[in-house]
Amino acid sequence: MAQLRQEVDPGEVGLDVKALDRLDQHFAHYVDEGRLPGYLVSVSRGGRVAHLTTHGHRDLAAGLPVEADTLYRIYSMTKPVTAVAALLLVEEGRLSLDDPVGRHIPAFADPQVYVSGSGADTRTRPAAGPLLIRHLMTHTAGLTFAFYHSHPVDALYREADLESSVVPGSNLAHTVDVYASLPLQFEPGTQWNYSVASNVLGRVIEVVSGQPLDTFFAERIFGPLGMPDAGFRVADEHAGRLSELYGERDDGGIEPIPGLPLRGGRPRFLSGSGGMAASAYDVHRFSEFLRRRGELDGVRLLAPGTVDLMTSNHLPGGADLRAFGSRPAHDEPGNDGVGFGLGVSVVIDPERTQAPTGLGTYGWSGVASTTFWVDPSRDVSVQFMTQVRPKTLRLFPDLRRLVHEAITD
């Protein structure tokens with residue numbers, strides 16, 4: 001069975017053992033306090049795993065420990081995978097970043113932009129220009145999430161039964177058509193709003209490739225990169241490896257909550273926005289593929305320049321996320337000095353970020369407190385895996401600080 005293992009002593013690659021011990025102790029304290037069930041953290045330098053720790057439980061009630069092969073719902077960490085899938089089609093000439101989305105999904109042929117009002121009194125106008133593939137990949141499309149409560153269009157999503165981003169009982173194709181029937185919050189390409197855009201991109205991939213999203217991911221990404229447990233479902237024989245999902249209570253403790261229905265048969269709704277499960281080994285393989293600029297173990301999926309494009313800031317005017325008054329989403333530690341590329345965040349001004357980080361650091365996180373990032377300036381890759389949907393819990397600023405303190409060169 002493929003599972004992540006430590007490959008080199010920390011000192012051999014410029015990492016301080018005592019500082020890494022502090023990192024472990026810090027997060028073990030969260031477990032001891034009952035704020036986390038358990039976790040896995042790995043730190044790699046030059047592509048070699050130099051620090052790997054598991055602590056606590058993947059299932060508290062059953063007393064099952066976190067192990068190196070534990071499976072996690074990675075939620076929004078699905079988005080960078082969807083971006084890579086789209087870029088494969090771009091390199092093949094079957095898709096362009098400047099394609100109108102309506103060319104592939106006719107329901108988006110004539111997008112409408114919100115003007116005023118709410119509910120049945122909502123007023124819209126035709127968009128000045130088309131919604132493009134690049135707008136989906138950069139979250140500048142004008143789409144939104146139903147669980148936001150800051151704009152009248154958010155309420156329209158709720159009225160359309162999109163509280164969980166999918167029409168209940170529906171599939172990706174139908175749900176995306178429902179998105180298209182609702183107005184955009186703003187003119188495409190002018191602002192940033194974290195949204196259901198990656199679901200739309202997933203449907204574009206299905207249309208262009210002629211394959212269901214799970215099949216395309218498995219054949220074109222997971223198989224070639226050697227990511228054996230990544231996917232949209234967990235096979236029955238591996239169900240015991242899946243971590244339980246917990247939610248943070250108002251008192252700071254945690255309790256089990258429902259999560260993605262990954263066990264059993266193939267899901268009806270294939271979410272390119274947040275539908276995947278994966279092991280730490282899978283996440284490491286994917287981040288290594290990006291760190292190596294499109295190649296892993298002799299298998300090249302993307303050209304180096306394509307990965308460079310993916311991990312560069314594409315926000316209007318070269319701004320950071322804070323310039324758009326954006327919600328933190330999952331990309332802690334805050335949005336000052338952080339831009340957005342094609343499916344990943346990217347640090348554009350390290351001095352303005354809320355935790356130490358290198359210029360050009362890219363990655364993304366999931367709502368169950370999973371994260372990964374690659375820091376090209378220090379050749380460091382990090383992942384943190386747990387299963388807690390937070391209310392006030394903020395783990396990643398401390399994680400970034402503690403990793404930074406461990407780097408000795």
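Arg352 and Asp320 are joined by a salt bridge, as a carboxylate oxygen and a charged side-chain nitrogen come within less than 4.0 angstrom of each other. Using a 4.0 Å cut-off between charged side-chain N and carboxylate O, Asp375 and Arg378 make a salt bridge. Here Arg233 does not pair with Asp214 in a salt bridge; the nearest charged N to carboxylate O distance is not below 4.0 Å. Using a 4.0 Å cut-off between a side-chain N of Lys or Arg and a carboxylate O of Asp or Glu, Glu92 and Arg220 qualify as a salt bridge. With salt bridges taken as basic N to acidic carboxylate O contacts below 4.0 Å, one links Arg203 and Glu206. Using a 4.0 Å cut-off between charged nitrogen and carboxylate oxygen, Asp398 and Arg401 count as a salt-bridge pair. Salt-bridge formation is detected for the pair Asp409/Arg45: a Lys NZ or Arg NE/NH1/NH2 atom is positioned less than 4.0 Å from an Asp or Glu carboxylate oxygen.
Asp110 CG: 12 or fewer foreign heavy atoms inside a 6.0 Å radius. The number of heavy-atom neighbours closer than 6.0 Å to CD of Glu351, taken from other residues, nucleotides and ligands shown, is 12 or below. Heavy-atom neighbours of Arg158 CZ from other residues, nucleotides or ligands within 6.0 Å: above the threshold of 12.
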TODO: Test Asn199 against Ser271 for side-chain hydrogen bond (donor to acceptor under 3.5 Å, both in side chains), laying out the working first.
DONE: CA-CA 6 Å; Asn199 281 338; Ser271 174; 2.9 Å; yes
TODO: Step by step, work out the side chain to side chain contact (heavy atoms under 4.5 Å, CB included) result for Val344 and Thr311.
DONE: CA-CA 7 Å; Val344 291; Thr311 57; 4.3 Å; yes
Task: Verdict with reasoning, Val307 to Leu309, per side chain to side chain contact (heavy atoms under 4.5 Å, CB included) - done: CA-CA 5 Å; Val307 177; Leu309 181 71; over 6 Å; no
Open item on the list: Test side chain to side chain contact (heavy atoms under 4.5 Å, CB included) on Phe289 and Leu301; report intermediate values, then the result.
Closed with: CA-CA 9 Å; Phe289 155 74; Leu301 298 188; 3.7 Å; yes
Task: salt bridge (Lys or Arg N to Asp or Glu O under 4.0 Å) between Arg291 and Asp379, worked out - done: CA-CA 8 Å; Arg291 187 192 70 85; Asp379 206 10; 2.8 Å; yes
Open item on the list: Using the rule given for side chain to side chain contact (heavy atoms under 4.5 Å, CB included), can you reason through Thr144 versus Val196, listing the C-alpha separation, both sets of side-chain angles and the distance that settles it, and then say yes or no?
Closed with: CA-CA 6 Å; Thr144 191; Val196 297; over 6 Å; no
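Side-chain contact of Asn193 with Ser195: a donor-acceptor pair under 3.5 Å is absent, judged by distance alone. For Thr140 and Thr138, the side-chain atoms include at least one donor-acceptor pair closer than 3.5 Å. No side-chain N or O of Thr82 forms a donor-acceptor pair with one of Lys79 less than 3.5 Å apart. Ser279 and Gln3 are not linked by any side-chain donor-acceptor pair at a separation below 3.5 angstrom, with hydrogens and angles left out of the test. Side-chain polar atoms of Thr371 and Ser365 form a donor-acceptor pair below 3.5 angstrom. Donor-acceptor pairing under 3.5 Å is lacking for the side chains of His29 and Gln25. Judged by distance alone, the side chains of Glu248 and Thr392 do bring a donor and an acceptor atom under 3.5 Å apart. No hydrogens or angles considered: nothing links the side chains of Gln112 and Arg125 as a donor-acceptor pair under 3.5 Å. Side-chain contact of Asp24 with Thr53: a donor-acceptor pair under 3.5 Å is present, judged by distance alone.
Taking each heavy atom of Pro183 and Val153 in turn, the nearest pair found is O-CG1, 3.4 Å. Of all heavy-atom pairs spanning Ala68 and Ala280, the tightest one is O-CB, 4.4 Å.
Distance check: Lys391 NZ to Arg249 CZ gives 9.5 Å after rounding to the nearest 0.5 Å.
Side-chain contact between Leu242 and Tyr72: absent, with no pair of heavy atoms (C-beta onward) separated by less than 4.5 Å. Between Tyr362 and Asn313 the shortest side-chain heavy-atom distance does not fall below 4.5 Å. Side chains of Val17 and Leu15 form no contact here, defined as non-hydrogen atoms less than 4.5 Å apart. Put simply, the side chain of Ser381 reaches to within 4.5 Å of the side chain of Glu288, judged on heavy atoms. The closest side-chain heavy-atom distance from Val283 to Met77 is below 4.5 Å. The shortest distance between side-chain heavy atoms of Val338 and Thr353 falls below 4.5 Å. Looking only at side-chain heavy atoms (C-beta outward), Glu244 and Pro37 stay at 4.5 Å or farther from each other. Counting heavy atoms from C-beta on, the side chains of Met385 and Ser369 never come closer than 4.5 Å.
In summary, of the residues considered (Phe232, Tyr281, Phe286, Phe217), a ring pair (Phe, Tyr, Trp, His ring centres under 6.0 Å) with Phe222 occurs for Phe217 alone. Under the salt bridge (Lys or Arg N to Asp or Glu O under 4.0 Å) rule, Arg241 has a single partner from Asp236, Asp229, Asp59, which is Asp229.
Between the side chain of Thr386 and the backbone N or O of Val388 there is no donor-acceptor pair closer than 3.5 Å. The backbone N or O of Ser96 lies less than 3.5 Å from a partner atom in the side chain of Asp99, making a donor-acceptor pair. When atom types are taken as modelled, the side chain of Arg58 and the backbone of Gly240 share a donor-acceptor pair closer than 3.5 angstrom.
For Phe372 and Phe384, the distance between ring centers is not under 6.0 angstrom. Note: Phe340 and Trp192 meet the aromatic proximity criterion, with ring centroids under 6.0 Å apart. The aromatic ring centres of His104 and Phe108 sit 6.0 Å or more apart.
Relative ring orientation between Tyr157 and Tyr179 is described as parallel, the plane-to-plane angle staying below 30° on a 0-90° scale split at 30° and 60°. Between Phe145 and Tyr148, the angle of the ring planes goes over 60°, which puts this pair in the perpendicular group of the 30/60° scheme. Classification of the Tyr194-His139 ring pair by plane angle, with boundaries at 30° and 60°, yields tilted.
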Using atom types as modelled, flag every donor-acceptor pair under 3.5 Å from a side chain in residues 161-169 to any protein atom, sequence neighbours excluded.
none

